[in-house]
Student: 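First the structure, which I've put down as structure tokens, then a few questions once you've had a look.
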Amino acid sequence: AHPVAFTDIAGDGQLMIEEADPPGLPDILLRLLEHPDSDLRVGACQGIERLSIEEHLELLCARLKREEDPAVQGALLRAISSTAPTEAFDLLKSHLDSEEESVCRGALVGLIRYCGLEGAVEAGARLVGLEKSESGKERRLAANLLGDIGVTNFYRGVESLLRDKDPSVQEAAPRAAGRLHKPRLW
């Protein structure tokens with residue numbers, strides 16, 4: 001048997017799954033979506049996102065409808081987008097205006113990472129709007145999103161946020177820069 005361990009590797013409360021890819025891993029992850037601990041459910045979603053198993057789309061969408069925790073909802077949106085990008089586009093788009101930051105964040109990341117040019121265009125305009133917003137909260141969200149997306153070529157957005165005057169943006173932007181692995185940012 002291969003153990004499945006959940007580790008907070010980034011130090012931000014997001015659990016990542018470390019495993020030796022056991023044959024039953026997809027089933028283990030799907031079962032964990034029903035676990036009472038929301039951190040475990042987020043970790044399971046992250047594992048499903050990495051595995052991108054299309055046949056789980058219906059189950060993930062059904063879980064999204066029942067899920068009450070916004071962090072898990074956002075992680076589910078990312079998992080759904082990785083498993084079936086074409087089918088996920090409209091679902092993700094419908095969550096872009098969520099009042100819950102983690103839900104909006106999951107939708108934006110899913111659109112940019114997995115939904116091709118159409119997804120990047122739809123979410124990209126919103127991301128640029130957040131980056132240039134008057135609101136420090138929205139600029140902080142932009143920094144977090146840029147780190148979540150992890151596309152090295154998006155470094156210019158992080159570059160401007162590294163010089164931001166708002167303390168919450170100053171805290172988020174260096175984390176995003178670290179996730180982009182772009183020497184120019186250091």
Side-chain angles (χ1 to χ4, degrees), residues 12-17 26 29-151 153-154 157-158 161 168-169 172 176 179:
D12 62 1
Q14 294 294 313
L15 299 179
M16 294 297 296
I17 297 172
L29 295 173
L30 290 172
R31 283 195 315 268
L32 285 172
L33 291 177
E34 303 303 325
H35 197 281
D37 186 311
S38 63
D39 288 337
L40 284 178
R41 293 196 308 277
V42 168
C45 290
Q46 291 169 340
I48 292 166
E49 178 183 358
R50 272 202 322 275
L51 294 175
S52 302
I53 302 170
E54 190 171 338
E55 59 265 19
H56 294 144
L57 177 63
E58 278 186 46
L59 194 143
L60 294 172
C61 289
R63 179 64 206 177
L64 178 63
K65 289 178 183 175
R66 295 191 323 270
E67 183 58 57
E68 295 179 7
D69 187 296
V72 181
Q73 290 171 348
L76 277 164
L77 289 170
R78 288 178 58 165
I80 289 167
S81 64
S82 80
T83 61
T86 303
E87 294 84 350
F89 180 81
D90 289 330
L91 174 66
L92 294 171
K93 193 175 165 184
S94 74
H95 286 83
L96 286 175
D97 295 321
S98 173
E99 294 293 320
E100 295 291 344
E101 182 177 311
S102 55
V103 173
C104 176
R105 198 167 156 176
L108 281 162
V109 172
L111 283 166
I112 291 174
R113 277 182 134 180
Y114 303 110
C115 294
L117 180 59
E118 191 177 10
V121 169
E122 182 70 38
R126 290 178 187 250
L127 180 56
V128 170
L130 291 169
E131 178 191 330
K132 298 188 181 313
S133 173
E134 295 290 320
S135 163
K137 180 180 177 184
E138 289 185 354
R139 292 191 310 279
R140 178 185 48 86
L141 174 58
N144 288 328
L145 282 163
L146 288 165
D148 289 348
I149 294 163
V151 175
N153 291 336
F154 287 13
V158 175
L161 294 169
S168 69
V169 179
R179 295 170 110 183

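The first residue of the sequence shown is numbered 1, and numbering continues consecutively from there. This is a predicted model, so every value here is computed, not measured.
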Student: Do the side chains of Cys104 and Asp97 get nearer than 4.5 Å, heavy atoms only?
Tutor: no

Student: Check Val72 against Ser38 and note the closest heavy-atom contact, atom names and distance.
Tutor: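 Taking Val72 first and Ser38 second, the nearest heavy atoms are CG2-O, 3.6 Å.
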
Student: I need the Ser102 OG to Asp69 CG distance, nearest 0.5 Å.
Tutor: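 Answer for the OG-CG pair, Ser102 versus Asp69, is 7.0 Å.
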
Student: Sub-3.5 Å donor-acceptor pair from the side chain of Ser81 to the main-chain atoms of Leu77, do we have one?
Tutor: yes

Student: Would you sort out whether Leu33 and Cys45 count as a side-chain contact (heavy atoms from CB on, under 4.5 Å), showing the intermediate values?
Tutor: CA-CA 7 Å; Leu33 291 177; Cys45 290; 3.6 Å; yes

Student: Can you give me the closest heavy-atom contact between Leu32 and Ala44, atom names plus distance?
Tutor: CB-CB, 3.7 Å

Student: Please determine whether salt bridge (Lys or Arg N to Asp or Glu O under 4.0 Å) holds for the pair Glu131 and Arg126, giving the CA-CA distance in whole Å, both sets of side-chain angles, and the decisive distance to 0.1 Å.
Tutor: CA-CA 9 Å; Glu131 178 191 330; Arg126 290 178 187 250; over 6 Å; no

Student: Could you pull out the closest heavy-atom pair between Ala176 and Ala143, with the gap in Å?
Tutor: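 That closest heavy-atom pairing would be CB-O, 3.1 Å.
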
Student: How long is the span from the CG atom in Leu76 to the CZ atom in Arg66, to the nearest 0.5 Å?
Tutor: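 Rounded to the nearest 0.5 Å, the CG-CZ separation comes out at 9.5 Å.
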
Student: Please output the side-chain donor-acceptor pairs of residues 111-120 that fall under 3.5 Å, not counting sequence neighbours, one pair per line with the distance.
Tutor:
| unit_1 | atom_1 | unit_2 | atom_2 | d |
| --- | --- | --- | --- | --- |
| Arg113 | NE | Ile149 | O | 3.3 |
| Arg113 | NH1 | Glu49 | OE2 | 3.2 |
| Tyr114 | OH | Glu49 | OE2 | 2.6 |

Student: Does Glu138 come within less than 4.0 Å of Lys132, counting only side-chain N to carboxylate O?
Tutor: no

Student: When rounded to the nearest 0.5 angstrom, what distance separates CD1 in Ile80 from CD in Gln73?
Tutor: 10.5 Å

Student: Return yes if some donor-acceptor pair links the side-chain N/O of His95 with the main-chain N/O of Leu91 below 3.5 Å, else return no.
Tutor: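 Yes.
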
Student: What I'd like to find out is whether the side chain of Arg63 reaches to under 4.5 Å of the side chain of Glu34, using heavy atoms alone.
Tutor: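 Yes, their side chains come closer than 4.5 Å.
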
Student: Is it true that a side-chain atom of Thr83 and a backbone atom of Leu57 form a donor plus acceptor pair closer than 3.5 Å?
Tutor: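 Pair absent, no side-chain N/O of Thr83 close to backbone of Leu57.
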
Student: What are the two closest heavy atoms between Val169 and Gly136, and how far apart are they?
Tutor: CG2-O, 3.4 Å

Student: Output yes when Glu101 and Arg140 qualify as a salt bridge under the 4.0 Å nitrogen-oxygen rule, no when they do not.
Tutor: yes

Student: Taking side chain as C-beta onward, heavy atoms only, is Ile48 less than 4.5 Å from Ile53?
Tutor: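 With C-beta onward as the side chain, the pair stays apart.
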
Student: Rounded to the nearest 0.5 Å, what's the gap from OG on Ser82 to CZ on Arg50? Could you check?
Tutor: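 Reported to 0.5 Å precision, the distance equals 10.5 Å.
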
Student: Would one find more than 12 heavy atoms of other residues, nucleotides or ligands at under 6.0 Å from atom CD of Glu68?
Tutor: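 Open.
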
Student: Under 4.0 Å between a Lys/Arg side-chain N and an Asp/Glu carboxylate O for Arg41 and Glu67?
Tutor: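 Here Arg41 pairs with Glu67 in a salt bridge, since their nearest N and O are under 4.0 Å apart.
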
Student: Provide the closest heavy-atom pair for Ser133 versus Arg139 in the form atom of the first, atom of the second, distance.
Tutor: O-NH1, 3.0 Å

Student: Show, in sequence, the C-alpha distance, side-chain angles and deciding distance for Val151 and Leu146, and conclude whether the side-chain contact (heavy atoms from CB on, under 4.5 Å) test is met.
Tutor: CA-CA 8 Å; Val151 175; Leu146 288 165; over 6 Å; no

Student: Would Arg105 and Arg78 count as a side-chain contact (heavy atoms from CB on, under 4.5 Å) here? Give the steps.
Tutor: CA-CA 9 Å; Arg105 198 167 156 176; Arg78 288 178 58 165; over 6 Å; no

Student: I need the minimum non-hydrogen distance between Ala123 and Leu108, along with the two atoms involved.
Tutor: CB-CD2, 3.4 Å

